[in-house]
Amino acid sequence: MATGRPLRHFQQEAQTAGLAMRGDAGPWLRLAILPERTALYERCLARFHHMIDQGALGEVERLLARRLAPDLPVMKAVGVAELGMHLAGDCSLDEAIDAAAQQTRRYAKRQYTWLRNQFSDWTPWVGDRSGAESCDIASLLQKHGLTLKH
């Protein structure tokens, strides 16, 4: 909205730049290093609990006290509505956390879908799917006839 240009404009610009960058630079391999969803979801839940421990409930309380328009991006942030329901007495804190965790999982799933649809020439699910930390990038590059340059 700030640029006055649609997302498609930037996607096309990136594709054009990517093709121009290839030139004589050698072969390219696009990698998506993604954790397994179960591990990702566990990390998302742990992060939300950490946010609660760091004062997210008070932050949402102050945000709601400002009576901002519900269509503002800040009011649509994951956890705001759920913690707001708890503050209004409509659910327990545990129920609010569960609902926010579900919204976080849905957001992560949308991110996976977006990434999967961005490029036709990428290698997804690098490694043994137990997490990005266990990926052996050098072996993967070698499999595609590439090497790391330092």
d(Q103 CD, D98 CG) to nearest 0.5 Å is 12.0 Å
Review item, side-chain donor-acceptor pairs of residues 44-53, under 3.5 Å, at least two apart:
none

Which other residues end up in the same hydrophobic cluster as Y107, if Ile, Leu, Val, Met, Phe, Trp and Tyr are linked when side-chain heavy atoms come under 4.5 Å apart?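 Y107 shares its hydrophobic cluster with no other residue.
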Members besides M85 in its Ile/Leu/Val/Met/Phe/Trp/Tyr cluster (side-chain heavy atoms under 4.5 Å):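 None; M85 is a cluster of one.
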Report yes or no: does H86 contribute a side-chain atom to a donor-acceptor pair with the main-chain N or O of C91 at less than 3.5 Å?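 Such a contact is found between H86 side chain and C91 backbone.
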For residues 61-84, please give each side-chain donor-acceptor pair under 3.5 Å, one per line with the distance, not counting sequence neighbours.
residue : atom : partner : partner atom : Å
R62     : NH1  : G58     : O            : 3.2
E82     : OE1  : G79     : N            : 3.0

Results of side-chain contact (heavy atoms from CB on, under 4.5 Å) for R105 - residues two or more places apart only: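 In terms of side-chain contact (heavy atoms from CB on, under 4.5 Å), with neighbours along the sequence ignored, R105 is linked to Y41, A101, Q102.
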